[in-house]
2 protein chains.
Amino acid sequence: MSEFDTAMAVEAEDGSGARAVLGAGWVIGAAVNGGVLMALGAVALRRAVERAGGHGDPLVLSAYFLSAAQAGPVRLRTEVLRTGRSMSTGQVSLLQDVDGRPVERVRALATFGDVDAQSEPVWLAAEPPDLPGPDRCVAAGRESSPFAGPISLLDRLDIRLDPATVGWAGGRPSGRGEVRAWVRFADGREPDLTSLIFFLDALPPVTFDLGATGWAPTIELTGHVRGRPAPGWLLVAVSTRNVIGGLLEEDATVWDSRGRVVAQARQLAGVRMPSRPVTASAAGAAS
Amino acid sequence: MSEFDTAMAVEAEDGSGARAVLGAGWVIGAAVNGGVLMALGAVALRRAVERAGGHGDPLVLSAYFLSAAQAGPVRLRTEVLRTGRSMSTGQVSLLQDVDGRPVERVRALATFGDVDAQSEPVWLAAEPPDLPGPDRCVAAGRESSPFAGPISLLDRLDIRLDPATVGWAGGRPSGRGEVRAWVRFADGREPDLTSLIFFLDALPPVTFDLGATGWAPTIELTGHVRGRPAPGWLLVAVSTRNVIGGLLEEDATVWDSRGRVVAQARQLAGVRMPSRPVTASAAGAAS
């Protein structure tokens, strides 16, 4: 069984509950990665929706992050709000016991349907960016930067950053607010609908490209699944256009190995900007 | 009292409930406008969050549309999930009685905080598009097109469409998937945080610009509030990059009269594309 499938193993508890274990291998610093939590929530809710008679492919999921999840047991509480012929909607909460009482980590709403019935024809689609192949990109391993040490998550992934958007790793952020990378699971597991939800938040935060060195905690993330991914590398591009006060939006687009848009996300995240942030014009003047 | 404030009048019921009335003046065809429902949900949840001791400005709200709301009474059920020093998160459901039993229309999650503490400094921001002033744009009144007849909502609004993105009204959609407009309340009420949530879904669907003539029902919409709007016109730009199968994402950005980004949204919506849709290249070839 692949590492990701082990992480997604959900044990049914009763009509509206399930249990799982968050592994220590999916941690960023002091918290379990948000993408793992979203994907796990989608797995539990999918089952509840299918039991209620609905199609079970995630089409859209909105997750609100309430407190930092820790490695260890987690309970999933599901509620099916509506089942329909083509789409069904539900809610899922992830809870962990802290000092004997349940603390909610994430609450999410999601709509499920039949993704294959919604992925043809392609009337209009974002073109994949032009970047070198994975072998000519920069591997983002745990040893690649001082930031990366505490990120056990990086061992689960094979991330190859576009050389044009990796200046920040050498102290030269571009200031454009863009990061692009090829990504796949390190153990060779192929992407599927559930893992798309995970990959929507697997890249380094786009704020690294603006000179911020701290993490950018997600407040809310909404992901859309637009197609079933073909086997092989995924190409993920993240960008931001509005960094205001201590908040930014981060948009992600995911293409599969055929160049098809298979997922999108927008998140609202927090950031502590450096007192003299790098902007594209300043970076241009300095080079 | 302005029309919008009348629509937002929420009467507290008990600890976690409230009542309101959806007016017939906010209808698009057979359903109450989704922006009104989202804004009303935000008003009810704001009160619950403030009662629990949290800051009450909406920062992000994700609404899932479950069934079409009708003019008439609506119940709002709120739940505060977490209150924090800077941000608090809650959930709200809008329900209407149908044949004597409650039917859920919308469920939403939202995070509240202090928007003024999050709107300075502007590190990076999307520039407002360059379009003619409101007086040189195209008024989108109820009498302006055959589509607009059943849309009582249009009487509440003053929408001035950019001539460059209004070709669809005369049967010549551009195929670019873009609509831009100045917008304000018809009765002169100034924009505020609550109405920003409403304005995030007040423009004609961007699919009109791709040759689709039917409505594009919202499945899910997530809005971010990025600043308190100055008095005057709002400028709203909506666009899509991915129309696949029967679904599209529609992104909205809202600038205030000072040219500041004050809100953003992305929604997943359904669309029935014409058998020969207009694309930008086809539109170019035809002109």
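Just so it is clear: chains get the letters A, B, ... in the order the sequence lines come, proteins before strands, and each one is counted from 1.
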Could you give the distance from OG (B/S257) to CG (B/L234), rounded to the nearest 0.5 Å? 8.0 Å
Does any heavy atom of chain A fall under 4.5 Å from the side chain of B/R107, the backbone, both, or neither of them? both
Answer with side chain, backbone, both or neither: which region of B/A265 has an atom nearer than 4.5 Å to a non-hydrogen atom of chain A? backbone
Taking A/D201 for its side chain and A/G35 for its backbone only, find out whether a donor-acceptor pair lies under 3.5 Å. no
Measure A/E220 against the heavy atoms of chain B and call it side chain, backbone, both or neither at under 4.5 Å. side chain
Looking at B/R260 and B/S119, would you say the former's side chain and the latter's main chain have a donor-acceptor pair under 3.5 Å? yes
Quick check on A/L109 against chain B: is it the side chain, the backbone, both or neither that has a heavy atom closer than 4.5 Å? both
Where does A/R82 contact chain B at under 4.5 Å (heavy atoms): side chain, backbone, both or neither? side chain
Residues in residues 243-250 of chain B near chain A [non-hydrogen atoms, under 4.5 Å]: B/V243, B/I244, B/G245, B/G246, B/L247, B/L248, B/E249
Given 3.5 Å as the limit, does a donor-acceptor pair link the side chain of A/T165 with the main chain of A/R180, or not? yes
For chain A, which residues from residues 83-98 of chain B lie under 4.5 Å away (heavy-atom distances)? B/M87, B/T89, B/Q91
Top of B/M273, B/H224, B/R266 for chain A proximity - count of heavy-atom pairs under 4.5 angstrom: B/R266
Taking A/A108, A/S67, A/A110, A/A117 one by one, which has the highest count of heavy-atom pairs under 4.5 Å against chain B? A/A110
Looking only at heavy atoms and a cut-off of under 4.5 Å, which of A/V103, A/L59, A/D251 has the most pairs with chain B? A/D251
Report the option among A/E104, A/E127, A/E79 that has the most heavy-atom pairs separated by less than 4.5 Å from atoms of chain B. A/E79
Atom group of A/T222 that falls short of 4.5 Å from chain B, counting heavy atoms: side chain
Per-residue tally against chain A (heavy atom, under 4.5 Å) across B/L66, B/N242, B/T253 peaks at B/N242
How long is the gap from CG on A/D256 to CZ on A/R226, to the nearest 0.5 Å? 13.5 Å
Would you give the length of the straight line joining atom CG of A/L196 to atom CG of A/D57, rounded to the nearest 0.5 angstrom? 11.0 Å
Please find the pair of heavy atoms, one from A/P205 and one from A/W215, that lie closest to each other, and give the distance. CD-CH2, 3.7 Å
Using a cut-off of 6.0 Å, state whether more than 12 heavy atoms not belonging to B/R258 lie near its atom CZ. yes
Tell me which of these, A/T111, A/V261, A/V122, A/L81, has more heavy-atom pairs under 4.5 Å with chain B than the rest. A/L81
Segment of A/I219 engaging chain B (4.5 angstrom heavy-atom cut-off): side chain
